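For reference, the structure is listed below as C-alpha coordinates.
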Amino acid sequence: MNPRGLRRYIDDLLADRRPAAFRPDDFEAAQIRTAIDLQAATPGAGAPRPEFLADLHRQLADQLDDASPKPSARPSATRRQVIVGTSAAAAAAVAAVSVDRLVMRGENHTGDDGDLAPNAGSWQRVAASSDVPDGAMHPFDLGSVIGFVRRVDGKPEAVSGVCSHQGCRLWFDGPDDRLRCPCHSTSFAPTGQVLTHQLPIAPKPLPALQVREVNGVIEVLAPQPDQPT
Amino acid sequence: MTAQSDPARPRPLRVVGGDRYANWEAVYQDNATWVYRTIFARVGNRADAEDLTAEVFLAALRPLRLTASIGEVRGYLRATARTVLAAHWRATLGHEITSIDDIEAPPEHEEAVSTAPQRVAELLDALPDQYRRILELRFLQSRSIKESAADMRVSIANAKVLQHRALRLAAQVNDAARFNDAAHINDEDKP
(Lines give C-alpha, C1' and ligand atoms only; values in the text may rest on other atoms or scores of the structure.)
Protein backbone atom coordinates (compact mmCIF):
# COMPACT_ATOMS: atom_id res chain seq x y z
CA MET A 1 0.00 0.00 0.00
CA ASN A 2 1.24 3.44 -0.87
CA PRO A 3 -1.44 6.02 -0.06
CA ARG A 4 0.87 8.98 -0.62
CA GLY A 5 1.93 7.70 -4.04
CA LEU A 6 -1.70 7.21 -4.99
CA ARG A 7 -2.78 10.65 -3.78
CA ARG A 8 0.04 12.28 -5.68
CA TYR A 9 -0.78 10.30 -8.82
CA ILE A 10 -4.44 11.37 -8.71
CA ASP A 11 -3.50 14.99 -7.98
CA ASP A 12 -1.14 14.95 -10.95
CA LEU A 13 -3.81 13.49 -13.21
CA LEU A 14 -6.27 16.17 -12.14
CA ALA A 15 -3.71 18.95 -12.63
CA ASP A 16 -2.70 17.45 -15.99
CA ARG A 17 0.88 17.04 -14.82
CA ARG A 18 2.94 14.02 -15.69
CA PRO A 19 2.16 11.55 -12.87
CA ALA A 20 5.11 10.19 -10.93
CA ALA A 21 5.82 6.49 -10.94
CA PHE A 22 5.22 4.46 -7.79
CA ARG A 23 4.34 0.88 -6.88
CA PRO A 24 0.60 0.67 -6.18
CA ASP A 25 -1.14 -2.38 -4.79
CA ASP A 26 -4.06 -3.92 -6.68
CA PHE A 27 -6.71 -1.70 -5.17
CA GLU A 28 -4.69 1.45 -5.73
CA ALA A 29 -4.20 0.32 -9.32
CA ALA A 30 -7.98 -0.01 -9.62
CA GLN A 31 -8.44 3.53 -8.33
CA ILE A 32 -5.95 4.84 -10.86
CA ARG A 33 -7.80 2.94 -13.59
CA THR A 34 -11.04 4.58 -12.53
CA ALA A 35 -9.45 8.03 -12.34
CA ILE A 36 -8.10 7.57 -15.87
CA ASP A 37 -11.57 6.59 -17.07
CA LEU A 38 -12.98 9.73 -15.47
CA GLN A 39 -10.31 11.86 -17.11
CA ALA A 40 -10.98 10.23 -20.46
CA ALA A 41 -14.70 10.89 -20.14
CA THR A 42 -14.15 14.61 -19.61
CA PRO A 43 -15.82 16.46 -22.48
CA GLY A 44 -13.22 17.74 -24.93
CA ALA A 45 -10.39 15.76 -23.37
CA GLY A 46 -8.29 13.55 -25.52
CA ALA A 47 -7.85 15.72 -28.59
CA PRO A 48 -4.18 16.20 -29.43
CA ARG A 49 -2.73 19.73 -29.34
CA PRO A 50 -2.00 21.04 -32.85
CA GLU A 51 1.49 22.11 -31.66
CA PHE A 52 2.18 18.58 -30.51
CA LEU A 53 1.11 17.12 -33.86
CA ALA A 54 3.31 19.62 -35.72
CA ASP A 55 6.31 18.95 -33.46
CA LEU A 56 6.02 15.22 -33.87
CA HIS A 57 5.67 15.66 -37.63
CA ARG A 58 8.98 17.54 -37.67
CA GLN A 59 10.63 14.94 -35.46
CA LEU A 60 9.48 12.15 -37.76
CA ALA A 61 10.67 14.03 -40.83
CA ASP A 62 14.11 14.39 -39.23
CA GLN A 63 14.23 10.70 -38.48
CA LEU A 64 12.78 9.32 -41.69
CA ASP A 65 14.30 11.63 -44.25
CA ASP A 66 17.72 10.91 -42.86
CA ALA A 67 18.88 8.40 -45.44
CA SER A 68 21.54 6.74 -43.32
CA PRO A 69 19.81 4.38 -40.91
CA LYS A 70 21.98 5.22 -37.93
CA PRO A 71 20.57 4.59 -34.48
CA SER A 72 18.57 7.55 -33.29
CA ALA A 73 21.01 9.56 -31.21
CA ARG A 74 18.80 12.04 -29.46
CA PRO A 75 21.15 13.75 -27.06
CA SER A 76 18.30 14.77 -24.77
CA ALA A 77 16.99 11.25 -24.38
CA THR A 78 17.06 9.96 -20.86
CA ARG A 79 18.05 6.41 -20.11
CA ARG A 80 14.46 5.35 -19.60
CA GLN A 81 13.37 6.85 -22.89
CA VAL A 82 16.12 4.98 -24.66
CA ILE A 83 15.20 1.69 -23.06
CA VAL A 84 11.49 2.09 -23.66
CA GLY A 85 12.14 3.33 -27.17
CA THR A 86 14.25 0.33 -27.95
CA SER A 87 11.68 -2.12 -26.74
CA ALA A 88 9.01 -0.35 -28.76
CA ALA A 89 11.16 -0.61 -31.84
CA ALA A 90 11.62 -4.29 -31.24
CA ALA A 91 7.90 -4.73 -30.82
CA ALA A 92 7.31 -2.75 -33.98
CA ALA A 93 9.62 -5.03 -35.86
CA VAL A 94 7.51 -7.97 -34.78
CA ALA A 95 4.36 -6.16 -35.78
CA ALA A 96 5.92 -5.32 -39.13
CA VAL A 97 6.50 -8.98 -39.74
CA SER A 98 2.88 -9.78 -39.11
CA VAL A 99 1.82 -7.01 -41.48
CA ASP A 100 4.20 -8.60 -43.95
CA ARG A 101 2.36 -11.85 -43.67
CA LEU A 102 -1.00 -10.20 -44.09
CA VAL A 103 0.23 -8.52 -47.21
CA MET A 104 1.44 -11.77 -48.64
CA ARG A 105 -1.87 -13.42 -47.94
CA GLY A 106 -3.65 -10.50 -49.50
CA GLU A 107 -1.62 -10.72 -52.66
CA ASN A 108 -2.64 -14.30 -53.18
CA HIS A 109 -6.36 -13.68 -53.19
CA THR A 110 -6.45 -14.48 -56.88
CA GLY A 111 -6.16 -18.11 -55.88
CA ASP A 112 -3.76 -18.98 -58.65
CA ASP A 113 -0.49 -20.73 -58.06
CA GLY A 114 1.21 -17.46 -57.33
CA ASP A 115 2.87 -16.93 -60.66
CA LEU A 116 5.07 -13.88 -60.81
CA ALA A 117 5.32 -11.87 -63.97
CA PRO A 118 6.67 -8.36 -64.30
CA ASN A 119 4.67 -5.44 -65.65
CA ALA A 120 7.50 -4.43 -67.90
CA GLY A 121 9.84 -7.30 -68.44
CA SER A 122 11.75 -9.15 -71.05
CA TRP A 123 12.97 -12.67 -71.59
CA GLN A 124 16.39 -12.94 -70.06
CA ARG A 125 18.91 -15.71 -70.34
CA VAL A 126 19.43 -17.68 -67.12
CA ALA A 127 21.26 -20.74 -68.46
CA ALA A 128 22.28 -22.64 -71.52
CA SER A 129 20.02 -25.61 -72.16
CA SER A 130 22.95 -27.90 -71.56
CA ASP A 131 23.48 -26.41 -68.09
CA VAL A 132 20.15 -27.76 -66.93
CA PRO A 133 20.03 -31.53 -67.32
CA ASP A 134 17.09 -33.51 -65.99
CA GLY A 135 17.04 -33.61 -62.22
CA ALA A 136 19.36 -30.65 -61.71
CA MET A 137 18.40 -27.48 -59.87
CA HIS A 138 20.13 -24.58 -61.54
CA PRO A 139 20.34 -21.32 -59.59
CA PHE A 140 20.28 -17.96 -61.32
CA ASP A 141 20.45 -14.32 -60.27
CA LEU A 142 19.32 -11.62 -62.67
CA GLY A 143 19.56 -8.83 -60.14
CA SER A 144 15.84 -8.15 -60.28
CA VAL A 145 14.92 -11.81 -59.90
CA ILE A 146 16.61 -14.65 -58.08
CA GLY A 147 15.45 -18.18 -58.70
CA PHE A 148 16.04 -21.77 -59.63
CA VAL A 149 15.33 -23.48 -62.90
CA ARG A 150 15.02 -27.21 -63.50
CA ARG A 151 13.47 -29.59 -66.00
CA VAL A 152 10.26 -31.48 -65.51
CA ASP A 153 9.66 -34.05 -68.25
CA GLY A 154 12.15 -32.18 -70.38
CA LYS A 155 10.35 -28.82 -70.00
CA PRO A 156 12.00 -26.02 -68.01
CA GLU A 157 10.26 -24.75 -64.87
CA ALA A 158 11.40 -21.92 -62.61
CA VAL A 159 10.57 -20.80 -59.09
CA SER A 160 11.56 -17.75 -57.11
CA GLY A 161 14.64 -18.25 -54.94
CA VAL A 162 13.46 -15.86 -52.23
CA CYS A 163 11.69 -17.14 -49.15
CA SER A 164 8.02 -16.16 -49.12
CA HIS A 165 8.25 -15.44 -45.39
CA GLN A 166 10.76 -12.63 -44.98
CA GLY A 167 12.65 -12.58 -48.22
CA CYS A 168 15.76 -14.50 -47.22
CA ARG A 169 17.65 -16.08 -50.08
CA LEU A 170 17.10 -19.83 -50.40
CA TRP A 171 19.74 -22.46 -51.05
CA PHE A 172 19.27 -25.82 -52.69
CA ASP A 173 19.88 -28.84 -50.51
CA GLY A 174 20.64 -31.42 -53.21
CA PRO A 175 20.74 -34.57 -51.03
CA ASP A 176 17.33 -33.69 -49.58
CA ASP A 177 16.01 -32.30 -52.86
CA ARG A 178 14.61 -29.19 -51.30
CA LEU A 179 15.15 -25.43 -51.10
CA ARG A 180 16.04 -24.31 -47.63
CA CYS A 181 15.71 -20.92 -45.98
CA PRO A 182 18.62 -20.01 -43.71
CA CYS A 183 16.49 -17.65 -41.63
CA HIS A 184 13.63 -19.68 -40.12
CA SER A 185 14.19 -23.30 -41.10
CA THR A 186 11.52 -23.23 -43.76
CA SER A 187 11.97 -25.66 -46.65
CA PHE A 188 10.31 -25.83 -50.05
CA ALA A 189 9.96 -28.53 -52.68
CA PRO A 190 11.58 -27.79 -56.05
CA THR A 191 8.04 -27.03 -57.25
CA GLY A 192 7.79 -24.26 -54.64
CA GLN A 193 5.41 -26.02 -52.22
CA VAL A 194 6.16 -25.59 -48.52
CA LEU A 195 7.57 -28.82 -47.07
CA THR A 196 8.42 -27.79 -43.51
CA HIS A 197 8.22 -24.62 -41.45
CA GLN A 198 8.27 -23.53 -37.82
CA LEU A 199 6.27 -20.36 -38.23
CA PRO A 200 2.93 -19.57 -36.60
CA ILE A 201 1.38 -19.22 -40.04
CA ALA A 202 2.50 -21.34 -42.98
CA PRO A 203 4.34 -19.25 -45.53
CA LYS A 204 3.08 -19.13 -49.08
CA PRO A 205 4.53 -21.44 -51.71
CA LEU A 206 7.26 -19.95 -53.86
CA PRO A 207 5.92 -18.10 -56.87
CA ALA A 208 6.59 -19.73 -60.22
CA LEU A 209 8.39 -17.69 -62.84
CA GLN A 210 7.62 -17.73 -66.51
CA VAL A 211 10.31 -19.62 -68.34
CA ARG A 212 10.95 -20.73 -71.94
CA GLU A 213 13.63 -22.48 -73.91
CA VAL A 214 14.69 -20.91 -77.20
CA ASN A 215 17.65 -21.87 -79.40
CA GLY A 216 19.53 -23.73 -76.73
CA VAL A 217 18.99 -21.05 -74.11
CA ILE A 218 16.68 -21.04 -71.10
CA GLU A 219 15.09 -17.65 -70.47
CA VAL A 220 12.98 -16.23 -67.67
CA LEU A 221 10.56 -13.35 -68.04
CA ALA A 222 11.97 -10.76 -65.65
CA PRO A 223 11.99 -7.02 -65.12
CA GLN A 224 14.71 -5.12 -66.91
CA PRO A 225 17.87 -4.65 -64.92
CA ASP A 226 18.38 -1.13 -63.64
CA GLN A 227 21.15 -0.33 -66.09
CA PRO A 228 20.11 0.49 -69.63
CA THR A 229 21.07 -2.34 -71.97
CA MET B 1 7.63 -10.81 -77.50
CA THR B 2 7.21 -8.38 -74.68
CA ALA B 3 5.47 -8.80 -71.39
CA GLN B 4 2.84 -6.22 -72.24
CA SER B 5 1.69 -8.10 -75.31
CA ASP B 6 1.47 -11.43 -73.56
CA PRO B 7 -2.22 -12.13 -73.03
CA ALA B 8 -1.63 -15.09 -70.75
CA ARG B 9 0.41 -12.98 -68.38
CA PRO B 10 -0.41 -13.74 -64.75
CA ARG B 11 -0.78 -11.09 -62.09
CA PRO B 12 1.82 -8.33 -62.20
CA LEU B 13 4.64 -8.01 -59.71
CA ARG B 14 3.43 -4.76 -58.20
CA VAL B 15 -0.14 -4.10 -57.30
CA VAL B 16 -0.84 -0.49 -56.47
CA GLY B 17 -4.39 -0.13 -55.28
CA GLY B 18 -6.26 2.98 -54.21
CA ASP B 19 -6.49 1.82 -50.59
CA ARG B 20 -2.84 2.39 -49.77
CA TYR B 21 -0.93 5.31 -48.33
CA ALA B 22 1.31 7.27 -50.66
CA ASN B 23 4.01 8.00 -48.06
CA TRP B 24 4.71 8.10 -44.36
CA GLU B 25 3.31 11.62 -44.05
CA ALA B 26 -0.05 10.41 -45.29
CA VAL B 27 0.10 7.61 -42.70
CA TYR B 28 0.85 10.15 -39.98
CA GLN B 29 -1.75 12.75 -40.99
CA ASP B 30 -4.48 10.15 -41.28
CA ASN B 31 -3.80 8.30 -38.03
CA ALA B 32 -2.11 10.58 -35.50
CA THR B 33 -5.35 11.79 -33.93
CA TRP B 34 -6.97 8.45 -33.25
CA VAL B 35 -3.68 6.98 -31.99
CA TYR B 36 -3.31 9.91 -29.56
CA ARG B 37 -6.92 9.65 -28.42
CA THR B 38 -6.66 5.89 -27.96
CA ILE B 39 -3.65 6.40 -25.73
CA PHE B 40 -5.04 9.41 -23.87
CA ALA B 41 -8.14 7.40 -22.96
CA ARG B 42 -5.80 4.91 -21.28
CA VAL B 43 -3.33 7.19 -19.48
CA GLY B 44 -5.61 10.15 -18.66
CA ASN B 45 -3.02 12.89 -18.99
CA ARG B 46 -1.57 14.90 -21.82
CA ALA B 47 2.13 14.52 -21.04
CA ASP B 48 2.10 10.74 -21.08
CA ALA B 49 -0.27 10.62 -24.06
CA GLU B 50 2.07 12.84 -26.09
CA ASP B 51 5.18 10.87 -25.15
CA LEU B 52 3.62 7.53 -25.95
CA THR B 53 2.08 8.71 -29.21
CA ALA B 54 5.49 9.98 -30.32
CA GLU B 55 6.98 6.63 -29.36
CA VAL B 56 4.40 4.76 -31.42
CA PHE B 57 5.09 6.72 -34.59
CA LEU B 58 8.86 6.85 -34.13
CA ALA B 59 8.89 3.08 -33.73
CA ALA B 60 6.28 2.25 -36.34
CA LEU B 61 6.98 4.35 -39.37
CA ARG B 62 10.46 3.31 -40.35
CA PRO B 63 9.80 -0.42 -40.73
CA LEU B 64 6.36 0.23 -42.20
CA ARG B 65 5.72 -1.18 -45.65
CA LEU B 66 3.63 1.18 -47.70
CA THR B 67 2.42 -1.76 -49.78
CA ALA B 68 0.22 -2.68 -46.83
CA SER B 69 -3.40 -1.64 -47.11
CA ILE B 70 -4.77 1.21 -45.03
CA GLY B 71 -6.57 -1.27 -42.79
CA GLU B 72 -3.38 -3.22 -42.22
CA VAL B 73 -1.41 -0.06 -41.44
CA ARG B 74 -4.01 0.93 -38.85
CA GLY B 75 -3.96 -2.52 -37.31
CA TYR B 76 -0.20 -2.31 -37.12
CA LEU B 77 -0.33 1.12 -35.46
CA ARG B 78 -2.81 -0.15 -32.90
CA ALA B 79 -0.61 -3.17 -32.23
CA THR B 80 2.40 -0.90 -31.77
CA ALA B 81 0.40 1.35 -29.44
CA ARG B 82 -0.61 -1.71 -27.40
CA THR B 83 3.03 -2.67 -26.92
CA VAL B 84 4.12 0.87 -26.09
CA LEU B 85 1.33 1.26 -23.53
CA ALA B 86 2.12 -2.07 -21.88
CA ALA B 87 5.79 -1.06 -21.60
CA HIS B 88 4.74 2.27 -20.08
CA TRP B 89 2.78 0.58 -17.30
CA ARG B 90 5.54 -1.90 -16.61
CA ALA B 91 8.02 0.95 -16.28
CA THR B 92 5.90 3.30 -14.17
CA LEU B 93 3.44 1.42 -11.95
CA GLY B 94 4.28 -2.26 -12.36
CA HIS B 95 0.59 -2.98 -13.01
CA GLU B 96 -1.10 -3.14 -16.37
CA ILE B 97 -3.57 -0.40 -15.46
CA THR B 98 -5.14 -0.20 -18.90
CA SER B 99 -4.62 -1.98 -22.20
CA ILE B 100 -5.44 -1.70 -25.87
CA ASP B 101 -7.43 -4.82 -26.55
CA ASP B 102 -8.14 -6.81 -29.65
CA ILE B 103 -11.46 -5.65 -30.94
CA GLU B 104 -13.66 -6.17 -33.95
CA ALA B 105 -14.15 -2.51 -34.71
CA PRO B 106 -11.65 -0.68 -36.93
CA PRO B 107 -9.05 1.06 -34.71
CA GLU B 108 -10.08 4.56 -35.74
CA HIS B 109 -13.70 4.04 -34.71
CA GLU B 110 -14.97 5.57 -31.50
CA GLU B 111 -15.73 2.25 -29.81
CA ALA B 112 -12.12 1.22 -30.40
CA VAL B 113 -10.66 4.56 -29.34
CA SER B 114 -12.48 4.78 -26.01
CA THR B 115 -15.50 3.42 -24.25
CA ALA B 116 -14.78 5.53 -21.18
CA PRO B 117 -17.72 7.97 -21.58
CA GLN B 118 -20.33 5.19 -21.57
CA ARG B 119 -18.65 3.30 -18.75
CA VAL B 120 -18.27 6.43 -16.65
CA ALA B 121 -21.90 7.38 -17.15
CA GLU B 122 -22.98 3.98 -15.81
CA LEU B 123 -20.47 4.16 -13.01
CA LEU B 124 -21.62 7.59 -11.80
CA ASP B 125 -25.23 6.43 -11.87
CA ALA B 126 -24.33 3.71 -9.40
CA LEU B 127 -22.80 6.09 -6.85
CA PRO B 128 -24.46 8.00 -3.99
CA ASP B 129 -25.21 11.65 -4.83
CA GLN B 130 -22.38 13.27 -2.90
CA TYR B 131 -19.81 10.89 -4.34
CA ARG B 132 -21.09 11.36 -7.87
CA ARG B 133 -21.10 15.12 -7.43
CA ILE B 134 -17.50 15.38 -6.24
CA LEU B 135 -16.22 13.18 -9.07
CA GLU B 136 -18.18 15.17 -11.65
CA LEU B 137 -16.81 18.44 -10.31
CA ARG B 138 -13.21 17.34 -9.94
CA PHE B 139 -12.80 15.15 -13.03
CA LEU B 140 -15.47 15.89 -15.61
CA GLN B 141 -15.61 19.63 -14.95
CA SER B 142 -11.95 20.02 -13.97
CA ARG B 143 -12.85 22.20 -10.97
CA SER B 144 -10.37 22.82 -8.18
CA ILE B 145 -10.86 21.27 -4.76
CA LYS B 146 -11.70 24.73 -3.41
CA GLU B 147 -14.32 25.43 -6.06
CA SER B 148 -15.77 21.97 -5.61
CA ALA B 149 -16.02 22.44 -1.85
CA ALA B 150 -17.77 25.77 -2.31
CA ASP B 151 -20.15 24.28 -4.83
CA MET B 152 -21.05 21.42 -2.51
CA ARG B 153 -21.15 23.66 0.58
CA VAL B 154 -18.64 21.58 2.46
CA SER B 155 -15.21 22.38 3.85
CA ILE B 156 -12.15 21.83 1.73
CA ALA B 157 -11.05 19.06 4.08
CA ASN B 158 -14.45 17.41 3.65
CA ALA B 159 -14.26 17.73 -0.11
CA LYS B 160 -10.89 15.98 -0.08
CA VAL B 161 -12.26 13.15 2.01
CA LEU B 162 -15.31 12.90 -0.23
CA GLN B 163 -13.16 12.71 -3.33
CA HIS B 164 -10.95 10.07 -1.75
CA ARG B 165 -13.87 7.89 -0.71
CA ALA B 166 -15.79 8.45 -3.92
CA LEU B 167 -12.86 7.23 -5.97
CA ARG B 168 -12.45 4.19 -3.75
CA LEU B 169 -16.10 3.26 -4.09
CA ALA B 170 -16.05 3.98 -7.83
CA ALA B 171 -13.03 1.73 -8.25
CA GLN B 172 -14.86 -1.02 -6.38
CA VAL B 173 -17.89 -0.66 -8.62
CA ASN B 174 -15.69 -0.41 -11.69
CA ASP B 175 -13.65 -3.46 -10.86
CA ALA B 176 -16.51 -5.32 -9.25
CA ALA B 177 -15.52 -8.58 -10.81
CA ARG B 178 -12.02 -8.27 -9.55
CA PHE B 179 -12.81 -6.97 -6.10
CA ASN B 180 -16.02 -8.72 -5.29
CA ASP B 181 -14.49 -10.44 -2.32
CA ALA B 182 -15.13 -7.20 -0.44
CA ALA B 183 -11.65 -7.27 0.97
CA HIS B 184 -11.33 -3.55 0.62
CA ILE B 185 -14.92 -2.50 1.00
CA ASN B 186 -15.72 -0.44 4.08
CA ASP B 187 -12.26 -0.63 5.57
CA GLU B 188 -11.92 3.11 5.42
CA ASP B 189 -15.45 4.27 5.00
CA LYS B 190 -16.30 4.00 8.67
CA PRO B 191 -17.16 7.23 10.41
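Only a predicted model underlies this, so the values are computations on that prediction, with no experimental measurement involved. Values below: every heavy atom of this structure, side chains too, minus hydrogens, waters and symmetry copies.
The side-chain heavy atoms of A:Leu14 and B:Ile145, taken from C-beta on, include no pair separated by under 4.5 Å. When side chains are defined from C-beta on, A:Pro48 does not count as touching B:Glu50, because their heavy atoms never get closer than 4.5 Å.
Separating the CZ atom in B:Arg168 from the CD atom in A:Gln31 is a distance of 5.5 Å, to the nearest 0.5 Å. If you take OG on B:Ser142 and CD on A:Gln39, they are separated by 6.5 Å, rounding to the nearest 0.5 Å. Taking CG from A:Leu64 and OH from B:Tyr28, the interatomic distance works out to 11.5 Å, rounded to the nearest 0.5 Å. Considering CZ of A:Arg23 and OG1 of B:Thr92, their distance stands at 7.5 Å, rounded to 0.5 Å. Rounded to the nearest 0.5 Å, atoms CZ (B:Arg138) and CG (A:Leu13) are 11.0 Å apart.
The most heavy-atom pairs under 4.5 Å with chain A, out of B:Val43, B:Leu77, B:Leu135, B:Thr98, come from B:Val43. Counting heavy-atom pairs closer than 4.5 Å to chain A, the top-ranked of the candidates B:Val120, B:Leu93, B:Asn45 is B:Leu93.
Below 30°, between 30° and 60°, or above 60°: for B:Tyr36 and A:Phe52 the angle between ring planes is between 30° and 60°, a tilted geometry.
B:Leu123 touches chain A through its side chain: at least one heavy atom from C-beta onward sits under 4.5 Å away, while N, CA, C and O do not. Both the backbone and the side chain of B:Thr53 come within contact range of chain A, each with at least one heavy atom under 4.5 Å from a heavy atom of that chain.
The closest side-chain donor-acceptor pair between B:His95 and A:Glu28, if any, does not fall under 3.5 angstrom.
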